[in-house]
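Report on the structure given below.
Just so it is clear: chains get the letters A, B, ... in the order the sequence lines come, proteins before strands, and each one is counted from 1.
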Amino acid sequence: MLDRRDFVRQILIDRGDLLVVPGLGSATYDVAAAGDHPLNFYLWGAMGGTAMIALGLALAQPGRRVVAIPGDGDLLMGIGSLATIGVKQPKNLVVVVLDNAHYGETGMQPSHTHAGIDFAAVALGCRFKAARTVSRIEEAAEVRKLLHSGEGPILINAKISAEDTPRVLPLRDGHAIKQRFIEALSPA
Amino acid sequence: MHSPTTVENIEKSWPDTIHAQFRRVGVRQVGYVPDAGHSRLITLCKNDPQIADVVLTTEEEGVGLVAGAALGGQRAALLMQSSGVGNCINMFSLLRNCGFGCILLVTMRGEFGEFNPWQVPMGSITEDVLRLSGFLAYRIDSADDVDDIVGAGCDMAFDGNLQDAILLSQRLIGRKQWTK
């Protein structure tokens with residue numbers, strides 16, 4: 001099992017041009033803990049929408065690499081978006097699901113993945129170019145490489161431990177998060 | 001693969017007017033769930049090399065698409081049936097919280113001439129739901145009004161960062177032919 005903070009920090013090291021969309025709850029805290037960045041579009045709501053926001057972004061910016069980082073509950077709620085992404089086949093999109101098999105924000109109730117529901121298998125069924133499950137920190141470097149140069153759509157199912165981590169709270173004003181992102185992305 | 005559906009041999013009508021407005025304002029992504037009322041507009045968008053058509057499994061995916069497109073500097077529009085509005089309610093909060101402009105083109109069911117009572121509970125509250133969700137709602141009953149109202153809606157969404165919905169009434173679309 002991966003330590004979520006270590007894993008997210010390692011895959012975002014020297015992130016360069018990456019555009020990152022973390023899902024609500026712990027995924028947003030993990031990405032913030034790895035280092036605040038204007039090209040993080042932090043979500044505090046819109047559960048189920050993380051992968052689709054990343055798809056709209058990937059289609060709009062085909063020359064940039066886009067990473068969606070939902071938790072397992074978020075991706076389960078928007079599981080159909082994997083099929084939608086599969087239809088469009090965006091080469092520049094990677095979905096990294098932080099799967100602790102629990103709903104952390106609401107009291108650690110087990111999620112569907114706790115019963116063995118397998119995101120990597122679903123993604124392959126949805127015509128993702130590649131999908132793999134990782135659970136050892138030694139694999140983070142290879143995941144990082146896929147974020148920057150793997151042919152998408154790719155799904156990484158990151159099995160993280162369900163231990164509680166301290167909250168790291170980034171910007172919460174949606175207008176500010178959006179505006180900062182757009183300004184950082186547009187050419188000066 | 002299927003060959004692209006042709007639309008040249010069909011008389012131009014209000015969907016062409018909407019498509020022309022999409023071209024005028026530079027819509028580059030269109031999200032939709034397949035729909036009879038929107039079928040011609042969907043075909044026009046699919047055949048338009050300027051537009052990425054994104055077929056959705058459920059309408060709330062389209063709300064995320066609109067937000068992502070805007071983050072990336074593109075304009076996106078959503079096409080849905082009135083029943084789809086109900087699927088979007090929580091996801092609409094993304095638009096309001098961040099001030100993403102959005103235009104919805106909503107084909108109405110559950111009203112004038114509806115033969116299927118199962119369409120009525122959602123169709124009869126669609127406009128109210130949209131208003132409660134922060135949308136400005138404009139209803140079109142006549143093809144003569146499409147250009148003006150859709151044009152205004154596009155400008156409000158993309159220049160004003162407002163959320164607006166254009167309700168294409170069942171009188172405009174025509175009753176669903178069930179007996180063929």
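The minimum heavy-atom distance between A:M47 and B:M91, with the atom names listed, is O-CE, 3.5 Å. A:A60 and B:A69 make their closest contact through CB-O, 3.9 Å (heavy atoms, listed as atom of the first residue, atom of the second, distance). For the pair A:A46 and B:L94, the tightest heavy-atom approach, listed with the atom from each and the gap, is CB-CB, 4.1 Å. Scanning all heavy atoms of the two residues, the minimum distance from A:K88 to B:D53 falls at NZ-O, 2.7 Å. Listed here is the closest heavy atom pair of B:L56 and A:T84: CA-OG1, 3.8 Å. The two residues B:T57 and A:G80 make their nearest non-hydrogen contact at CG2-O, 3.3 Å.
By the 6.0 Å contact criterion, CG on B:D148 is open, its count of non-hydrogen atoms from other residues, nucleotides or ligands being 12 or less. For A:E142, the CD atom is loosely surrounded, since the number of other residues' heavy atoms within 6.0 Å does not exceed 12. Residue-environment remark: CG (A:D164) stays at or below the threshold of 12 foreign heavy atoms within 6.0 Å. Heavy atoms of other residues, nucleotides or ligands lying less than 6.0 angstrom from CD of A:Q109 number more than 12. Atom CZ of A:R167 sits in a sparse spot, with 12 or fewer heavy atoms from other residues, nucleotides or ligands closer than 6.0 Å.
Taking 4.5 Å as the limit, every side-chain heavy atom of B:L71 sits out of range of all side-chain heavy atoms of A:L185.
A:W44 and A:V168 fall into different hydrophobic clusters, defined by Ile, Leu, Val, Met, Phe, Trp and Tyr side-chain heavy atoms under 4.5 Å apart, directly or through other members. Taken together through direct or relayed side-chain contacts under 4.5 Å among Ile, Leu, Val, Met, Phe, Trp and Tyr, A:V87 and B:Y32 form part of one hydrophobic cluster. In the hydrophobic cluster analysis, where Ile, Leu, Val, Met, Phe, Trp and Tyr join through side-chain heavy atoms closer than 4.5 angstrom, A:L124 is grouped apart from A:I156. B:I89 and B:L104 fall within a single hydrophobic cluster, where Ile, Leu, Val, Met, Phe, Trp and Tyr side chains are chained together by heavy-atom contacts under 4.5 Å. A:L12 is connected to A:I137 through a chain of hydrophobic side-chain contacts under 4.5 Å among Ile, Leu, Val, Met, Phe, Trp and Tyr, so both are in one cluster.
The backbone N or O of A:M52 sits nowhere less than 3.5 Å from a side-chain atom of B:E61 that would complete a donor-acceptor pair.
Heavy-atom distances place both the backbone and the side chain of A:K178 under 4.5 Å from chain B. Only the side chain of B:N161 has a heavy atom closer than 4.5 Å to any heavy atom of chain A. At a 4.5 Å heavy-atom cutoff, the contact between B:F100 and chain A is made by backbone and side-chain atoms alike. Looking at A:L43, the atoms closer than 4.5 Å to chain B (heavy atoms on both sides) all sit in the side chain, from C-beta outward. With a 4.5 Å cut-off on non-hydrogen atoms, A:I177 does not touch chain B at all.
Of the listed residues (A:G45, A:G56, A:A83), the one with the most heavy-atom contacts under 4.5 Å to chain B is A:G56. For chain B, the option among A:L19, A:V21, A:V66, A:I53 with the highest count of heavy-atom pairs below 4.5 Å is A:I53.
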